[in-house]
Amino acid sequence: MNADGTVYHRYGSRTSDSASDLLRMSALVGVLEAGLRAHAEHEPAPAPRGKPRTLDDYPVWREKLAAVKQQGRSIDCYHCHFVFETERRQAVADGTWERARIWRWPPPEQVGLELDPARPQRVTGVRPGSPAAAAGVEAGDRLLRVGAQAV
């Protein structure tokens, strides 16, 4: 992710059974290399107006930190995935969350895809009758973009 908010790539996914089944070092190296190339080609977006927000500006995040501290633990490192979850929780708390936002990035199997964990752009299977099949995706295809987002 660029400091201007541009997301170059996302890495990883999970299954309902495991947070790490689909993670491979070779895939991480590949996405980091692609991120460096994307960064070199990136034209910065205009600076946002107003004061930039940090996680600490969200009341639900401050509540989470207080609860963690009360348990005698700490969060030593903020991760980018904390941002989206914090924004979602804050929208729920504010009453502005919309059901249409529930599946921002569905897991591959939800749209009928089987992907190679070592090369996550490579489709290894497509479930018949699935959204992926309806879109014409076939085993052996390489996914490069979904909409405007690089895969």
*Asks:* For residues 26-41, which residue pairs pass the salt bridge (Lys or Arg N to Asp or Glu O under 4.0 Å) check, not counting sequence neighbours?
*Replies:* none

*Asks:* According to side chain to side chain donor-acceptor pair (under 3.5 Å), who are the partners of Thr96, at least two apart in sequence or on a separate chain?
*Replies:* none

*Asks:* Suppose the criterion is salt bridge (Lys or Arg N to Asp or Glu O under 4.0 Å): which pairs have a residue in residues 117-134, not counting sequence neighbours?
*Replies:* Asp116-Arg119

*Asks:* Among pairs that include at least one residue of residues 55-66, which meet salt bridge (Lys or Arg N to Asp or Glu O under 4.0 Å), considering only residues two or more places apart or in two chains?
*Replies:* Lys51-Asp57

*Asks:* For residues Val126 and Ala139, report the shortest heavy-atom separation together with the two atoms involved.
*Replies:* CG2-N, 3.9 Å

*Asks:* Is Val29 reachable from Leu23 through a run of hydrophobic residues whose side-chain heavy atoms are each under 4.5 Å from the next?
*Replies:* yes

*Asks:* According to a hydrophobic-cluster definition based on side-chain heavy atoms being under 4.5 Å apart (Ile, Leu, Val, Met, Phe, Trp, Tyr only), do Val31 and Met25 belong together?
*Replies:* yes

*Asks:* Which is it for Leu143 and Leu113 under the side chain to side chain contact (heavy atoms under 4.5 Å, CB included) test, yes or no, and what are the steps along the way?
*Replies:* CA-CA 11 Å; Leu143 302 176; Leu113 289 174; 3.9 Å; yes

*Asks:* Which pair of heavy atoms, one from Ala27 and one from Pro117, lies closest together, and at what distance?
*Replies:* CB-O, 3.6 Å

*Asks:* Find the distance between CH2 (Trp61) and CZ (Arg89) and round it off to the nearest 0.5 Å.
*Replies:* 9.5 Å

*Asks:* Does Ile75 belong to the same Ile/Leu/Val/Met/Phe/Trp/Tyr cluster as Tyr58, with side-chain heavy atoms less than 4.5 Å apart forming each link?
*Replies:* yes

*Asks:* Who pairs with Tyr8 by ring pair (Phe, Tyr, Trp, His ring centres under 6.0 Å), at least two apart in sequence or on another chain?
*Replies:* His39, His42

*Asks:* Not counting sequence neighbours, which residues clear side chain to side chain donor-acceptor pair (under 3.5 Å) with Arg145? List them please.
*Replies:* none

*Asks:* What distance do Glu85 atom CD and Leu55 atom CG have between them, rounded to the nearest 0.5 Å?
*Replies:* 11.0 Å

*Asks:* Decide if atom CD of Gln70 counts as having more than 12 heavy atoms of other residues, nucleotides or ligands within a radius under 6.0 Å.
*Replies:* no

*Asks:* Give me the atom names and distance for the closest heavy-atom approach of Gln90 to Val60.
*Replies:* OE1-N, 3.0 Å

*Asks:* Please check if the side chain of Glu114 supplies one atom and the backbone of Thr124 the other of a donor-acceptor pair under 3.5 Å.
*Replies:* no

